[in-house]
Amino acid sequence: MSVIDELLRANEAYAARFTKASLALPPGRKVAIVACMDARLDPARALGLEEGDAHVIRNAGGRVVEALRSLAISQALLGTEAVVIVHHTDCGMLTFTDDGIRQKLRQTRSADADHVAFLPFSDLDQSVRDDIAVYRSSPLVRKDIPVRGFIYDVRTGKLREVEAGQA
Ligand code: ZN
C-alpha cells in the first residue's frame, strides 16, 4: 500500500469516530501559530490544540514572511488576536544555504531559482528574533496583540521563549 493509501485508510477511521461537525469557522481560541513543517513537531499535540482551536500556518523554518498572507486573513477575517512563532532545534534550515539549494535545483531540475529566497538561517534564536521583527514591520498584521516566539526542543518536547529584543 502506498503512503497516500495508508493516509486514506487512516482517514476512514478518523471520520468514522468524528464528532465535531458543528465547529465554527473562526478559531475558537483566537490564536494563530506559525511553525516549521518539521515532521517531529506536532503543534496540536505539543500545544494542546483540538480541531477548531487555532490556525496553524506551517512552512520550512516557520518563517513569518511566508506566512504574512495567511496571518492577515486570520486576523482581518477570522478574528485571531494572538500569534505564536515556533522554530525548533535541529532544524533543516540550519543545514543549507541559498547558493547550495539553488545549485542543487539547477543540477537536478535544470531550474533557475536564483530569484527565490529559501530563507535558511545559521542562528536559531536570531531566526526567531528576525521573524518577530518581520511581523512587526508588516503593515498587513495587527500590532496591538501578543506576538511571541519560541524554540521547540525536538529532544524534550519543551518550548523555550526567545525574547524579541529590539526590532
Ligand atoms: Zn525546521
Can you tell me how far apart CG (Asp38) and OH (Tyr152) are? Round to the nearest 0.5 Å.
9.0 Å
Nearest 0.5 angstrom please: Leu105 CG to Phe118 CZ, how far?
5.0 Å
Side-chain contact, heavy-atom cut-off 4.5 Å: [X] with [Y]?
X	Y	result
Leu47	Leu159	yes
Leu49	Arg29	yes
Val64	Val83	no
Val128	Ile132	yes
Ile57	Arg69	no

Taking atom CD1 of Ile4 as the centre, report whether more than 12 heavy atoms of other residues, nucleotides or ligands fall under 6.0 Å from it.
no
Whether Asp144 and Arg142 form a salt bridge (side-chain N of Lys/Arg under 4.0 Å from carboxylate O of Asp/Glu) is what I want to check.
yes
Going by side chain to side chain contact (heavy atoms under 4.5 Å, CB included), name the residues that satisfy it together with Ser138, two or more places apart in sequence or in a different chain.
Leu68, Leu140, Val141
Can you tell which of Asp99, Asp114, Asp112 makes a salt bridge (Lys or Arg N to Asp or Glu O under 4.0 Å) with Arg106?
Asp114
Regarding Ser74 and His55, is there a side-chain donor-to-acceptor distance under 3.5 Å anywhere?
yes
Return the set of residues passing ring pair (Phe, Tyr, Trp, His ring centres under 6.0 Å) with Phe121 (not counting sequence neighbours), or none when no residue passes.
His87
